[in-house]
Novice: 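Can you keep this structure in mind? I'll have questions shortly.
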Amino acid sequence: MIRTVTDLVTCRGELDGRGKQLVFTNGCFDLLHVGHVRYLQEARGLGDALVVAINSDNSVRELKGEGRPLNSASERAEVLLGLESVDYVIVFDGKRATSLIEAIRPHIYAKGGDYTAETLNSEEKEALALAGSRIEILSHVPGKSTTALLAAANEQSGQGGIKLGVLGSGSGTNLESILAAIKDGTLNAEVAIVISDVEDAGILERARDHGVESVYVDPGERANALAMSSQKQIKQRLREANVELVVCAGFMKILREPVLESFAGRVINIHPSLLPRHKGLRAWEQALHAGDAVSGCTVHFVTDELDSGEIIRQQEVAVEQGDTPESLHARIQEAEHQLLPMIIGEFAAGAFK
Ligand code: GRF
């Protein structure tokens, strides 16, 4: 049975009266796997009863994209309640479980080991502090995730392995995150080619280190633009590599018609701000100068206008007191490294057709 907030407030009170502790955790739990089972067992072991708050169908869609959830909230609840470790299930709307935490005031808040105390959402952290809940980060089961399961299922049915062309001008940490996600099985894709307009860019070196075809394309005479001949060359190389999705990861030039036409609706970019705020260079610094309380990153479709195409998804990063451009940029990059592989996976699964 799915519980109400009132049920759980009562239950928390009763446990408290008996000197017992209520553990709370939340998530989508769309396709249960052994990682979930172990994590829920561990969470239950921290106290005397476990409540699992699951995202409503709308909020899963908001977080994971169209096509999710695979199982409705009532089905997910039924599966979870079949586990020995789960005592109660409640459904919540929106991206965060903050209002539930505030109302239920669990003794212990458990979170999966893919988080750290630092990457927990600041709003949730504040609510937990107010509720007096102890935060426990649980051990992580590597390679076990719903996304990895979906990728493996796609591979089985011969539908996986989208071919990527990655374009970049910088150090290539985003490329690295894509390659890492492919390697650990969370992303069913292949980086077919990496192209840069900077001959000694780190991204080309990283590509070489991973045995990926790496190509330097001379951008031409003008400092900030890509010559038409270079645009054509890029298109040609992407085509020859049978690329299905072009990913701009720190590519500092504007792509134009030959590439955009040839890959219509199949060119995406990651930008280090919450667009449409702070387009262009050093967006994290722009956010600091503007005194923004929240910054983040955006994945969007590419048009021939700077950082202007349709927004696919954003991830927020709180600006902290004493942040320098470097410290804020580093946290935004961490968010980029999660967001970009996730969106590529969703694109491969046909979420944006
Ligand atoms: C990222 O912050 C990206 O958002 C911006 O350039 C940076 C590229 O970093 N456009 P890397 O080359 O992937 O390390």
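Start at 1 and go down the list; that is how both ligands and their atoms are numbered. Excluded from the calculations below are hydrogen atoms, water molecules and symmetry mates; all remaining heavy atoms, backbone and side chain alike, are included. Quick note: residue numbers are just sequence positions, from 1.
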Novice: Using 30° and 60° as the class boundaries, would you call the ring planes of H271 and H300 parallel, tilted or perpendicular?
Specialist: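 Rings of H271 and H300: perpendicular, over 60°.
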
Novice: In plain terms, say whether K163 and E244 are close enough for a salt bridge, that is, a side-chain N and a carboxylate O under 4.0 Å apart.
Specialist: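 Not counted as a salt bridge, because no side-chain N and carboxylate O are separated by less than 4.0 Å.
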
Novice: If you count only heavy atoms, which residues are under 4.0 Å from ligand 1?
Specialist: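 Its neighbours under 4.0 Å (heavy atoms only) are G170, S171, G172, T173, N174, G250, I270, H271, P272, H329, Q333, E336, given by chain and number.
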
Novice: Taking the six-membered ring of F24 as reference, does the NZ or CZ atom of R105 fall below 6.0 Å from its centre and within a 45° cone about the axis?
Specialist: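 The answer is no, since R105 fails at least one limit relative to F24.
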
Novice: Sequence neighbours excluded, which residues qualify as side-chain hydrogen bond (donor to acceptor under 3.5 Å, both in side chains) partners of E126?
Specialist: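 side-chain hydrogen bond (donor to acceptor under 3.5 Å, both in side chains) list for E126, sorted by chain: empty.
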
Novice: Can a donor-acceptor pair be found between the side chains of Q286 and S273 at a distance below 3.5 Å?
Specialist: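 There is no such pair (donor and acceptor under 3.5 Å, judged by atom type) between the side chains of Q286 and S273.
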
Novice: Using the six-membered ring wherever Trp is involved, compare the ring planes of F29 and Y39 and label them parallel, tilted or perpendicular (cut-offs 30° and 60°).
Specialist: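 Parallel.
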
